[in-house]
Amino acid sequence: MSILDQDQTEAPVDPSRRRFLGRTSLTLAAAIGGVAVAHAQQRSQIHAGEADHSSSNPGPENAALLAENPNSNTPPETDFGDIGPIWYSFDLARKRVEQGGWTHQVTQRELPSSKDIAGVNMRLTAGSFRELHWHTADEWAYMLYGNARVTVLNPDGTIFIDDVSKGDLWFFPAGYPHSIQGLGPDGCEFLLVFDEGNFSEDGTFLVSEWLAHTPDEVIAKNTGLDAAAIAKLPKRELYIFPSDLPGTLAADRAEVGGPSVASKQQYTFKMLSMTPTKTSSGGEVRVVDSHNFPVSKSIAAGLVILKPGAIRELHWHPNASEWQFYLAGKGRMTIFMPSNRARTMDFNANDVGYVPAVAGHYIENTGTEDLIFLELFKADTFQDISLNNWLRRLPAQMVKAHTNLTAAEIRRIPIEKQEVIGR
Ligand code: MN
Ligand code: MN
């Protein structure tokens, strides 16, 4: 399919939004300028209609949605074709509200491209539990607000109990039974990430349901409980439910047997308060994977803070697709895919982004506040390849042949991977 064929399927755009289309002064934009010349000439013909009455839109429109997504409404002229859905928002997902909190999810059902990872956003009020459960997927979680107590049992019978606060994360392996309880003063809210795109928060193994589906005489034989005690067991799922606040962490740990039954594995990690993996004038990146958090063998994560105007540099990930959660700010991302396709979308707090495996992309802070987001990968290690680093690690003659740049111009490109680049 030619560029022209693809473009004819694209919707008209609002000429008043042309200001979003100008090329920025990104280092790499300059570097690929030579390659882009031929394309730009084609572009100016293809997109001729954008500047005149062709782009008028007299029919209905969702003004609020258009305002949130200027780059989707009127794509940069560098966009071509379609790459499938790369955006969804937890604020569109149906909330399941129970006494004690709520949950909603963005899975492969909501964002069909994301086959490797699903996300759940959950709130527990102070004292309330996410019921004792387990599931087929590994679970990685990031605390967005408040405080919680988590527990997880190892197959060897040792138990891990810890408290987590905003900016902390946990990892629970598939099949390991665990619990989450909101603590004071106002419970918690967190993001759960699972290494199965089709995961459903409504499809976990609940202790209440298992006991409800086991004959009383078997429960009696298994537990030693008498009929009066068994009659008290819940007859349906608890899932999310209110309860009393627990005692101190030290008291809970001591009550269950202290150090002799304590897990040797550490299942929580203080991500936000760790020393940044990378700091620059553009912001900070914190990476947590199996190198510094050994239990997290299937999820690698980056927490990125981008200052206004800064970009997460042009890069790709050789080992996985990327699932993003936006915590704060406003940004845009363009994803490049073969052949000749590129799609730009805007992202706001509580949105989810998706990047197909090995697809080139950048993320730019387009707002006035810090843009904060999580990059998540179904992988044991965080890996990315920087376009800048690639171009600078090659002999200059090779790069010149591909870009028409002089050796002096090539040397302006940062030689080492920056991750984030200030404006
Ligand atoms: Mn779970
Ligand atoms: Mn990335």
Side-chain angles (χ1 to χ4, degrees), residues 86 101 103 105 107 116-122 124 129-142 148 150-153 160 164 169-181 190-196 199-207 237-240 267 277-278 283 285 287 289 298-304 306 311-326 331-337 345 347 352-364 371 373-379 381-387 417-421:
I86 59 170
T103 183
Q105 57 189 355
T107 71
D116 293 336
I117 288 182
V120 169
N121 174 213
M122 188 177 290
L124 297 174
F129 278 104
R130 168 63 170 89
E131 183 186 346
L132 294 169
H133 72 283
W134 70 101
H135 34 70
T136 55
D138 286 343
E139 170 178 323
W140 185 101
Y142 185 85
V150 295
T151 70
V152 57
L153 183 72
F160 179 83
V164 285
L169 64 85
W170 68 76
F171 182 91
F172 298 151
Y176 283 35
H178 51 277
S179 68
I180 310 159
Q181 184 177 22
F190 47 89
L191 174 75
L192 299 168
V193 173
F194 301 92
D195 67 343
E196 288 175 3
F199 180 86
S200 175
E201 181 59 21
D202 299 323
T204 65
F205 295 81
L206 301 177
V207 70
E237 66 168 4
L238 300 170
Y239 189 61
I240 289 174
Y267 290 104
T277 314
K278 207 99 162 188
V285 179
V287 171
D289 64 13
S298 61
I299 299 280
L303 175 66
V304 181
L306 270 185
I311 61 161
R312 171 82 171 87
E313 68 176 303
L314 287 162
H315 70 281
W316 69 93
H317 306 274
N319 59 341
S321 61
E322 174 173 343
W323 194 97
Q324 303 164 338
F325 177 73
Y326 288 81
R332 70 170 180 173
M333 169 167 71
T334 303
I335 297 173
F336 161 67
M337 289 280 284
M345 286 290 289
F347 295 86
V352 172
Y354 173 77
V355 184
V358 310
H361 57 286
Y362 70 86
I363 297 126
E364 179 184 23
L371 176 67
F373 60 96
L374 285 161
E375 305 180 358
L376 295 151
F377 309 90
K378 183 175 179 173
T381 53
F382 181 99
Q383 294 181 9
D384 60 357
I385 291 177
S386 155
L387 179 58
K417 187 193 298 182
Q418 306 288 299
E419 306 284 5
V420 292
I421 300 176

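Atoms within a ligand are numbered from 1 in the order they appear, just like the ligands themselves.
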Measure from the side-chain N and O atoms of N319 to the backbone N and O of T381, and report whether any donor-acceptor pair falls under 3.5 Å.
->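 Yes, the answer is positive, given that a donor and an acceptor are paired below the 3.5 Å cut-off.
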Can you check whether L191's main-chain N or O pairs, donor with acceptor, with N121's side chain at less than 3.5 Å?
->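 No: the side chain of N121 does not pair with the backbone of L191.
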Under a 4.0 Å N-O cut-off, is there an ion pair linking K378 with D138?
-> no
Answer yes when K417 and E313 have at least one side-chain N-carboxylate O distance shorter than 4.0 Å, and no when they do not.
->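 No, no charged N to carboxylate O under 4.0 Å.
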For the Mn ion (ligand 1), the closest N/O/S atom belonging to E139 = OE1
Minimum-distance N/O/S atom that H135 presents toward the Mn ion (ligand 1) = NE2
Can you list the steps and then say if L153 with F160 is a side chain to side chain contact (heavy atoms under 4.5 Å, CB included)?
-> CA-CA 6 Å; L153 183 72; F160 179 83; over 6 Å; no
Side chain to side chain, T204 and F199, heavy atoms closer than 4.5 Å =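 Heavy-atom side-chain distance check passes, below 4.5 Å.
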Heteroatoms of the protein, restricted to N/O/S, which lie under 2.8 Å from the Mn ion (ligand 2) = H315 NE2, H317 NE2, E322 OE1, H361 NE2
Where does the angle between the aromatic ring planes of F172 and W170 fall among parallel (under 30°), tilted (30 to 60°) and perpendicular (over 60°)?
->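 Ring orientation of F172 relative to W170: parallel.
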